[in-house]
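Reviewing the structure listed below.
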Amino acid sequence: GVAGMALAQTTPPSPENKAPAGAVWRPVPEDATKTQGVAIGEDGGYGTRSQFETEVRWRFTTKTPFSSWSMTPLEHGVGIITPSGLHFERDHGGIATIDPATHKLFVHGMVKQPKKFSMSDVKRFPSISRIHFIECSGNGLTEWSKPTLKTVQGTHGLVSTSEWTGVPLSIILNEVGVRTGAKWLLVEGGDASVMTRSIPLEKAMKDCFLAYGQNGEAIRPEQGYPLRLIVPGYEGNTHIKWVRRIELADMPFMTREETSKYTDLLPNGKAVQFSMIMEAKSVITRPSGEMVLPGRGFYEITGMAWSGRGRIKRVDVSTDGGRTWKPAQLQDPILPVCQTRFRYPWVWNGKEAILQSRCVDETGYVQPTLGQLIDIRGLNGPIGSVYHLNAIQSWKVDTEGRVSNVHYY
Amino acid sequence: GVAGMALAQTTPPSPENKAPAGAVWRPVPEDATKTQGVAIGEDGGYGTRSQFETEVRWRFTTKTPFSSWSMTPLEHGVGIITPSGLHFERDHGGIATIDPATHKLFVHGMVKQPKKFSMSDVKRFPSISRIHFIECSGNGLTEWSKPTLKTVQGTHGLVSTSEWTGVPLSIILNEVGVRTGAKWLLVEGGDASVMTRSIPLEKAMKDCFLAYGQNGEAIRPEQGYPLRLIVPGYEGNTHIKWVRRIELADMPFMTREETSKYTDLLPNGKAVQFSMIMEAKSVITRPSGEMVLPGRGFYEITGMAWSGRGRIKRVDVSTDGGRTWKPAQLQDPILPVCQTRFRYPWVWNGKEAILQSRCVDETGYVQPTLGQLIDIRGLNGPIGSVYHLNAIQSWKVDTEGRVSNVHYY
Amino acid sequence: ISADAIHYNFGEPASANDLKDFVSPLPDGRGLPAGSGTIAHGKQIYEEKCASCHGQKLEGGLGDRLIGGRGTLVNDDPKKAPIKTVESYWPYATTLFDYIKRAMPFYSPGSLTNDEVYSLAGYILSQGNIIKNNDPITSENLAKILMPNRDGFIPDHRPEHFKPADKNPQLR
Amino acid sequence: ISADAIHYNFGEPASANDLKDFVSPLPDGRGLPAGSGTIAHGKQIYEEKCASCHGQKLEGGLGDRLIGGRGTLVNDDPKKAPIKTVESYWPYATTLFDYIKRAMPFYSPGSLTNDEVYSLAGYILSQGNIIKNNDPITSENLAKILMPNRDGFIPDHRPEHFKPADKNPQLR
Ligand SMILES: [Ca+2]
Ligand SMILES: [Ca+2]
Ligand SMILES: [Ca+2]
Ligand SMILES: [Ca+2]
Ligand SMILES: [Ca+2]
Ligand SMILES: [Ca+2]
Ligand SMILES: [Co+2]
Ligand SMILES: [Co+2]
C-alpha cells in the first residue's frame, strides 16, 4: 500500500503552541528534506508569514484603544514596501467594519449634480496606481525635547509605504461637475469618529485619488476598507479612511481635526494651520535603538528617506554625530512622494559612534537638525509644536555595541 | 459611570461565521458611525484582510497536493505588486517549515574556501532590493491546443511580482572565491524534494541574489523561507527555495528538473534544454474569463505585461481579435523584469468582441499569436512543448456580456 | 483620457433625502441644521452623558479637558505644557457643534439630536466664559460667537529656511 | 561597493564533515558517492518501496511512469501525447541516481543508502532495456551508461523570429 507520511517533529502541535500574530503554527521537522512539508492549499488559498517572524505593530499607550495609533516596526523592514499587515494606523473610533456591497460614496455641495456611488461604480472608473508613503504628522511627537522612545518603531513608526490603486478624485469631481466658486472639499469617513478634513480643491484635482487597492488586493480594514483618500505628500490625517462623503464648498470647514488638532503651536501663541506637506525626512533603521552590534566589523547602515514634495535627491550618512558626511547609495526606483531605501557600508572600529542620516529632496530642501528645527519652531511645552518633527535622528553606538536614541546636534 | 459599548450587529459571532481564508470575522454593524469599531491592537499587531475579500490561490489538481501548484487570482489584482499571501507557488515536496536560527547555507565545490553561513551571516552582507516577477515556465501549459481553463487565474496565474530583498550572489561567491574553470552552480533547496537546478556562473555573477525579504518582511514559507534564489528573468523553477547549498562546477549537473522536466519537446523529437529566459508576455486580467459585463458602456480594459529580457516598451490592445490595435497606457514605474500594469479605455457597444493584448519589450521582441508560436514550436501532443507559452490571450465577449477563454488567431 | 471631457454616467443622483442626515457646518454658520438649545439643558445632558469622561468640571479624564487654559498658549518653556481646550484654543464655535454631533458621546456617537447638541455646545461655551448670558443657542446665533482664539492661527509658510547647523554638535 | 575587492569574513569554513552527506553527481560521474548495487536487489526494494506509486510494471500511478515510450518523441499530432520516461527521455543515468537519492520514496525522501540507490537505478534501467546484463551498478560504471535520448537535447535559440501573424484571424 501507499507508505504513510512520517513526520519527524520536534514540537508537536498543541494548544500551547500558538503561533505569533500573522502566522499559523506548523510542526518543525528536524530535517525538512526527510519529510513532506505542508500540502499546497492547506492554508485555504491565502498564505501567512512564518511562525518564526514576530515583528508586530506596537500600539502607543493612549487613554483608549479606540482612539490610538500603532507603529510599523521599521527596524525589521527591508526594501520600500511596508507589509500590508504592518502598515501603521491612526484611528479615532476603532476600525470600522464595512460591507462593500452596501457602502455608498456621496458627493454633493457646490456641484452641478449631487451623486451617490456604489463600490462597483467607483471601481468602474479609470484607475491609477501609485507607490506612496503615508506619514502621520504626529510621527515622533514624543521626541521634541528629550529622546524618549527607545526603538525606531517608536520614534518613526507612523510612516509606511504601499502601492495604492484607485480612481483619481478629478474624475469623480468632473462626474458631478464642480460649480464655480468651489474651493475646498470636506472629506468624511464612515467610522465612529466620522473623521473629517478639508482638502483644497486645487490639490484634489491635481493628484488626489480614492484608493480601494493596496499592494495588489483590497485596502486593509485598518487602512479604510473599502475606500480611502490618498492626498500625496500631505499629512496622514488628510488621507480619510472609510470615505463615505465629499462636500464641496467655498471655504474650509474648520473641522475639529484641523483646528483643535493637527495645528502647530509656536512660542508666540500662534498656531500654524493647514500645514499639509510632510517635509523631507530620513532615518537609519539599522542599526537603531535597542540593537546590539555583535563586535567590530562591517555593517550595512540602512534606512529610509521620503518627502512630500517629490523625489529624494540624496541621502548622506554620518557616523560622527554630524561632523562629517558621506553619500549613501539610493535604491532604485526613486519615486516621488515615496520612501527610498538608502544603504551605507560601514566598518565599525569598536569606538563610540553617533549615526545620523540627512536627506535632500528634489526641491533642494535639506533635512534639518533638531537644533535647526527648534530654532524656528521653538519648544512650546514638552512636545513643542507637536507635529512635523522631521529632524535628523541620532543613534549612539557605545563601545559594547549597544545602540540608543540620543539627541545630538 | 462610563457608558457601555453598544455594538449594533447584523451578524453575531458564532462558530459558523468563520471568516474566509486570510481574514478574521468581525461583527458588521448596521451603521459603523454609530458604534466604536474594533480596538487597535486586537489583531495582535499584524493585520488581516477584510472578511469581504475572498479571492484565493487556486490549486491545480495534480495527483498529490505535495507536488502541485497554486495560482494567483489575477482577475482581482490591481497595481503591480502581488499580495504576499496570493503569490503563486509551485512546490515539489510540500512547503518546508524551517527554523532560521538553525538554517545553514553551504557554498563549496570549485571554490577557494568552502564556507557555511547562518541567516545572521547572510543578512549581514550588503543587500539589494528589486521588484521582479517570477513566472513558472509551465504557466498556461493547459492552453496549447485548446482553450481549457476558464479564468485568467487558470490560464496565467503562475506569475506574480514582489519586491525582493537580499544579498547579491556575486558577493557570496567572492566571499568563497571562485576557482578558475568554474562555469556552473548547483543550487539546492532544503525541502522534501531537495530541488536542484544548475545556474550559469555568468548569470549568477550578473544579477542573481539570495532573497530573504519579500514586500518588506521575511519571504513567505511557500516562497522559500528563510532564503530563496532570485534569477531575474529566468524561469521560476530556477528560483530555488529554502536554499541550503550552492556547489560550483565546470559543467551543468543535469538534474532531474532540467532534463526530465523544464525541457521543451519539439515535433522533431529534440527538446530544448536550458530555455531559461521568460519571454515577453501580456494578458488582459479584466475583463477576463467567467466575468459578465453588466451592459454597454465604459470599461477600463486592464492587464499586465512582463519580460525576462528587461522593460516592457509598449502594450497594444485589440477588441476585434487582432485586426486592429491601439496603444494602452503603461503605469509608471516601468521596471526591468517586472510586471507592468496597462490600461485601455473601452466603450462596449454590446456586440461580440474579442479582446487581446500584445506587448513589445525593450529588445523589440513582439509577443506572438498562438499561431505564430505553434508555427515554430509545433504541437507535440495536447500540451505541445509544454513550457514557455507566452502567446497573445483572447477573451471573447458575447452579446450577453459573458467573457470566455477562446483561441483566436 | 482627458478628465474634463468624459462623463461616465456611473452612480445615481443623490436626492435631498439621501443627503438630509449629513451634518457639516461651515465656520460662518451655513450648513448648521435648524434647531436650538439651552445652557440649562446642556448641563443636564453633560452630567448624564459626558461628565464620566470629560469631568464634572470639564477638567478632562478619559476625554479631553474642555475649558480653561487661556493665557497658556504664549510659552517657550519646554517644561511648561500649554493647555489647549475648546475655550483657549478653538477658533470656531461651529466646530464644537459639528464634533459633538458626529463623534460624541464616545461610545454612542451620532445619537444626540440637533437640539441636544446646541444645548451642549452652549453649556461648554458658557462654562468656558465665552457665552456670558443664558440665551438659547441656535443655528442662527452659534456662528456669531467670537471664540477667544479666533485669530490664533497663521498659514503655513514652509519650507522653512534654517540657520546653519551647529558646527560643534554635542550630546544634548 | 566593488564586490570583487571586499572580503567580509562572515560565515565559517565548511569542513569535509560538514559536506559529506551532500550528493550531487555531475553527468560524467564525478561526485557519485562510492557504492554499488545489483538489479536483483533493486527489484526487491522497488517492489517494497516504489511499486505502490510507480506501478508493478513501472507503468506509473501516483508517481511518474518510468519506462517505455521510446519512439514516441517524434510527433506533431496534438492528439497523440509523447511518452517521456526515464527510458525514453532522460539523457543521463547519473540523474537517476541523484533524483532517487534525494527525493524518493516520496514520503521518506533521503532514506535510502547509496547502495540501495545504485540497485534501484540498475533495476529501472534494466527494466527499460538500457542495461542489458546483470552486472553490478557502481559509482564507476553508472556514468558510462549511454541513455537512448543522450542526443535528444538542443540549446536555446530564442528569441524566436516569427512568421507574420495570420492576416485573417479567426476562432479556432
Ligand atoms: Ca525578521
Ligand atoms: Ca476583490
Ligand atoms: Ca448606475
Ligand atoms: Ca452621524
Ligand atoms: Ca562567523
Ligand atoms: Ca538528503
Ligand atoms: Co500639519
Ligand atoms: Co525553459
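Each chain gets a letter, A, B and so on, in the order its sequence line appears, and its residues count up from 1.
Using a distance-only test at 3.5 Å, with no hydrogens or angles considered, a donor-acceptor pair links the side chain of D:Arg102 to the main chain of B:Val194. Looking only at distances, no side-chain donor or acceptor of D:Asp156 sits under 3.5 Å from a matching main-chain atom of B:Val272. A donor-acceptor pair is defined here as one N or O able to donate and one able to accept, closer than 3.5 Å; no such pair exists between the side chain of B:His108 and the backbone of D:Ser15. A donor-acceptor pair is defined here as one N or O able to donate and one able to accept, closer than 3.5 Å; no such pair exists between the side chain of D:Glu160 and the backbone of B:Leu373.
Comparing D:Thr72, D:Asp166, D:Asp77 by how many heavy-atom pairs each has under 4.5 Å with chain B, the most go to D:Asp77. Per-residue heavy-atom pair counts under 4.5 Å with chain D were compared for B:Glu257, B:Met276, B:Arg245, and the maximum is reached by B:Arg245. No other option in B:Glu175, B:Arg323, B:Met254 has as many heavy-atom pairs under 4.5 Å with chain D as B:Glu175. For the options D:Pro82, D:Pro164, D:Pro25, D:Ala103, heavy-atom pairs under 4.5 Å to chain B are most numerous at D:Pro82. Note on D:Leu19, D:Thr85, D:Thr94: by heavy-atom pairs under 4.5 Å with chain B, the leading option is D:Leu19. Comparing B:Arg256, B:His388, B:Glu279 by how many heavy-atom pairs each has under 4.5 Å with chain D, the most go to B:Arg256. In terms of non-hydrogen atom pairs under 4.5 Å with chain D, the most contact-rich of B:Pro382, B:Ser120, B:Gly378 is B:Pro382. Among B:Ser145, B:Gly177, B:Ala192, the residue with the largest count of heavy-atom pairs under 4.5 Å with chain D is B:Ala192. By number of non-hydrogen pairs under 4.5 angstrom with chain B, the leading residue of D:Gly61, D:Pro27, D:Gly63 is D:Pro27. If you tally non-hydrogen atom pairs under 4.5 Å between each of B:Gly371, B:Gly322, B:Pro368 and chain D, the highest count goes to B:Pro368. Per-residue heavy-atom pair counts under 4.5 Å with chain B were compared for D:Ala81, D:Pro159, D:Pro91, and the maximum is reached by D:Pro159.
Atom NZ of D:Lys80 and atom CG of B:Leu379 lie 14.0 Å apart (nearest 0.5 Å). If you take CG on D:Leu26 and CD on B:Glu247, they are separated by 6.5 Å, rounding to the nearest 0.5 Å. Taking CD1 of B:Ile374 as the reference point, atom CZ of D:Arg172 lies at 9.0 Å (rounded to 0.5 Å). For the atom pair CG of D:Asp76 and CG of B:Asn268, the computed distance is 10.0 Å after rounding to the nearest 0.5 Å. Between the CE atom in B:Met278 and the CZ atom in D:Arg158 there is a gap of 7.5 Å [rounded to 0.5 Å]. Atom-to-atom distance recorded for D:Asp64:CG and B:Lys261:NZ is 4.5 Å, nearest 0.5 angstrom.
Residues B:Arg244 and D:Phe22 form a side-chain contact, since some pair of their non-hydrogen atoms from C-beta on lies under 4.5 Å apart. You'll find the side chain of D:Pro169 stays beyond 4.5 Å of the side chain of B:Thr369, heavy atoms only. A heavy-atom distance below 4.5 Å is not found between the side chains of B:Lys63 and D:Cys53. Using a 4.5 Å heavy-atom threshold, the side chains of D:Phe162 and B:Tyr365 count as touching. For the pair B:Phe66/D:Tyr107, a side-chain contact is recorded, criterion being any heavy-atom separation below 4.5 Å from C-beta on. Considering only heavy atoms from C-beta on, D:Tyr8 comes within 4.5 Å of B:Ile171 through its side chain. At a threshold of 4.5 Å between non-hydrogen side-chain atoms, the residues B:Thr263 and D:Tyr89 count as touching.
The salt bridge (charged side-chain N to carboxylate O under 4.0 Å, His left out) test with D:Asp18 singles out one residue from B:Lys104, B:Lys116, B:Lys115, and that residue is B:Lys116.
Using a 4.5 Å cut-off between heavy atoms, B:Asp320 does not touch chain D at all. Contact of B:Leu370 with chain D is not made at all, since no heavy-atom distance falls under 4.5 Å. Within the 4.5 angstrom heavy-atom criterion, atoms from both the backbone and the side chain of B:Thr259 approach chain D. In this structure, the portion of D:Pro155 lying under 4.5 Å from any heavy atom of chain B is its backbone and not its side chain. Both the backbone and the side chain of B:Leu266 come within contact range of chain D, judged by heavy atoms closer than 4.5 Å. Both the backbone and the side chain of D:Asn75 come within less than 4.5 Å of a heavy atom in chain B. Proximity to chain D is limited to the side chain of B:Phe106, based on heavy atoms less than 4.5 angstrom apart. For D:Ile154, the parts sitting under 4.5 Å from any heavy atom of chain B are the backbone and the side chain alike. Within the 4.5 angstrom heavy-atom criterion, atoms from both the backbone and the side chain of B:Ala271 approach chain D. Residue B:Pro147: no heavy atom, backbone or side chain, is found under 4.5 Å from chain D.
In the model, D:Tyr99 has no side-chain atom that pairs as donor or acceptor with a side-chain atom of B:Ser260 under 3.5 Å.
Taking the ring centroids of D:Phe10 and B:Phe117, they lie at or beyond the 6.0 Å cut-off.
Heavy-atom proximity under 4.5 angstrom to chain B picks out nothing from residues 114-148 of chain D.
In this structure, D:Leu73 and B:Asn380 approach most closely via the heavy-atom pair O-ND2, 2.7 Å. Nearest heavy-atom pair, B:Val386 versus D:Lys84, reported as atom, atom and distance to 0.1 Å: CG2-NZ, 3.9 Å.
Surrounding NZ of B:Lys203 are more than 12 heavy atoms belonging to other residues, nucleotides or ligands, all under 6.0 Å away.
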Report the C-alpha separation of D:Arg30 and B:Met251 in whole Å, then their side-chain angles, then the decisive distance to 0.1 Å, and conclude whether the side-chain contact (heavy atoms from CB on, under 4.5 Å) test is met. CA-CA 11 Å; D:Arg30 287 176 292 160; B:Met251 61 174 61; 3.5 Å; yes
